[in-house]
Colleague: 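This is the structure, below, for whatever I ask next.
A, B, ... follow the sequence lines: proteins, then strands. Residue 1 opens every chain. The basis for the numbers below is simple: all heavy atoms, side chains too, and nothing from hydrogens, waters or symmetry mates.
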Protein chains: 2
Amino acid sequence: MSPARAQTSQAAIVAAARVLLEDGGLDAVSMAGVAERVGIRAPSLYKRFDDRGALLVAVASDVALDLGRVLADEVARAGDDPGRQLEALASGYRSFALATPRAASLLFAGVAPDVTPTPESQAVAARPVLDVAEAIVGPVRALAAARVLTAFAYGFTSMETAGAFRFGGDVEEAYRLGITALRSGLEATA
Amino acid sequence: MSPARAQTSQAAIVAAARVLLEDGGLDAVSMAGVAERVGIRAPSLYKRFDDRGALLVAVASDVALDLGRVLADEVARAGDDPGRQLEALASGYRSFALATPRAASLLFAGVAPDVTPTPESQAVAARPVLDVAEAIVGPVRALAAARVLTAFAYGFTSMETAGAFRFGGDVEEAYRLGITALRSGLEATA
DNA sequence: ACCTGAACACCGTTCAAGT
DNA sequence: ACCTGAACACCGTTCAAGT
């Protein structure tokens with residue numbers, strides 16, 4: 001008679017998946033593990049997500065929205081100088097990526113096939129970068145410059161968190177060198 | 001009596017895994033699939049590799065050695081100007097990454113945990129980049145500059161092959177903008 | 001309308017047995 | 001020394017049955 005009432009929610013499922021992801025990597029995000037964390041059984045997850053891929057897309061999108069908030073905050077607190085806003089975006093993104101590296105790995109390059117944030121959530125994360133890029137290089141080159149900045153920050157932190165910088169040296173200094181070089185190089189083409 | 005003779009080799013197994021990887025992604029590199037391609041059964045693979053992770057490390061290392069050859073060739077054909085050598089490295093890497101995107105995705109950031117080329121093979125791939133970087137910014141900053149260039153090229157092509165550039169625009173032009181900005185920015189700090 | 005146990009096909013891995 | 005079938009634990013997913 002009384003139909004079974006919901007014992008969880010999409011948001012709770014995504015949150016549980018993010019915890020498992022950050023704790024144990026993508027392999028640790030099993031349907032059974034996620035279900036247990038929200039107090040149900042694996043088959044019930046399919047009432048809310050088509051399959052594991054759809055759940056991971058929701059996770060990636062959730063991460064992108066978080067990043068968008070962080071980056072917008074950074075810009076807001078950086079004052080009016082576009083160059084300083086760019087530095088704030090760069091260090092803000094790196095902090096985000098180092099704090100939650102496995103979440104960040106889902107942001108741009110499909111770790112698993114087709115696991116990427118939705119276009120809408122990606123647009124939220126990209127907004128502050130596009131605004132700052134436009135202030136530096138103008139509207140015509142804004143998209144290209146934003147892609148350049150994102151690619152560098154994403155590539156660098158991905159390599160850093162994966163342990164790919166194995167020949168010593170000061171990694172943070174290298175990041176700053178890259179940002180400085182990009183900033184002066186982009187300002188020169190403005 | 002006559003002990004079973006080898007029906008395959010490490011190199012053949014790695015080659016088979018690379019074909020499956022490029023055709024169907026990392027999930028398509030199953031032990032059974034690889035084994036079938038070299039004419040044996042899955043359990044026999046464990047005579048040559050500790051586990052699937054070790055096989056993937058061998059694949060990633062094989063890719064890194066290929067990349068090292070490609071990049072060294074690019075530099076050799078670019079003449080003596082370090083700035084032009086840098087451009088050649090950048091376009092050579094992008095061609096490599098677009099031609100074999102799933103192989104390239106194994107090069108720097110662990111798609112799966114701990115799947116990265118061996119330090120030795122990574123050093124081979126890094127050598128041409130370090131040499132060109134040193135010619136541009138000098139020995140003290142060479143390592144940092146090489147990391148910056150690698151991070152940008154890797155990050156950009158990873159995003160490109162994952163389809164992360166979804167808001168239109170000329171993607172190749174953005175890549176060139178990034179390389180140009182980095183080149184002029186690094187030359188300015190030399 | 002949501003939840004569940006049982007079942008299916010698939011996967012990585014181990015191991016005793018073969019040659 | 002290498003190869004194999006059988007077995008194990010695990011996974012994503014489906015589905016009929018429950019409330």
Colleague: Is the side chain of A:E187 donor-acceptor paired with the backbone N or O of A:I136 at a distance under 3.5 Å, no angle test?
Modeller: no

Colleague: Using Watson-Crick or G-U wobble pairs with both distances under 3.5 Å, give me DNA chain D in dot-bracket, 5' to 3', with [ ] for crossers and | for pairs to another strand.
Modeller: ||.|||||...|||||.||

Colleague: Starting at CG of A:D50 and ending at C1' of D:dG12, how long is that distance when rounded to a whole Å?
Modeller: 14 Å

Colleague: List in chain and number order the residues that pass side chain to side chain contact (heavy atoms under 4.5 Å, CB included) with A:A90, two or more places apart in sequence or in another chain; answer none if no residue qualifies.
Modeller: A:Y175, A:I179

Colleague: Output one letter per nucleotide in nucleotides 3-9 of chain C: B when a protein non-hydrogen atom lies under 4.0 Å from the base, S when only the sugar-phosphate is that close, - when neither is.
Modeller: BBBB---

Colleague: Which atoms form the tightest heavy-atom contact between A:A78 and A:A88, and what is the distance?
Modeller: CB-CB, 3.7 Å

Colleague: Atom CZ of B:F49 to atom P of C:dT14: distance rounded to whole Å?
Modeller: 15 Å

Colleague: Treat each ILVMFWY residue as a node, draw an edge where side-chain heavy atoms are under 4.5 Å apart, and state whether B:F152 and A:V129 are in one component.
Modeller: yes

Colleague: D:dT14 C1' sits how many Å from A:D51 CG, rounded?
Modeller: 13 Å

Colleague: Using whole Å, report how far OH of A:Y46 lies from C1' of D:dA16.
Modeller: 17 Å

Colleague: In whole angstrom, what separates B:R52's CZ from C:dT14's P?
Modeller: 15 Å

Colleague: If hydrophobic clusters are built by linking Ile, Leu, Val, Met, Phe, Trp and Tyr wherever their side-chain heavy atoms come under 4.5 Å apart, do A:V115 and A:Y46 end up in the same one?
Modeller: yes

Colleague: Treat each ILVMFWY residue as a node, draw an edge where side-chain heavy atoms are under 4.5 Å apart, and state whether B:V59 and B:M31 are in one component.
Modeller: yes

Colleague: Would you confirm whether A:Q122, through its side chain, and A:A64, through its main-chain N or O, come within 3.5 Å as a donor-acceptor pair?
Modeller: no

Colleague: Check whether B:Q85 reaches the backbone of B:G79 with its side chain - one donor and one acceptor, N or O, closer than 3.5 Å.
Modeller: yes

Colleague: Check every strand shown and say whether B:V34 touches a base, only sugar-phosphate, or nothing at a heavy-atom separation below 4.0 Å.
Modeller: nothing

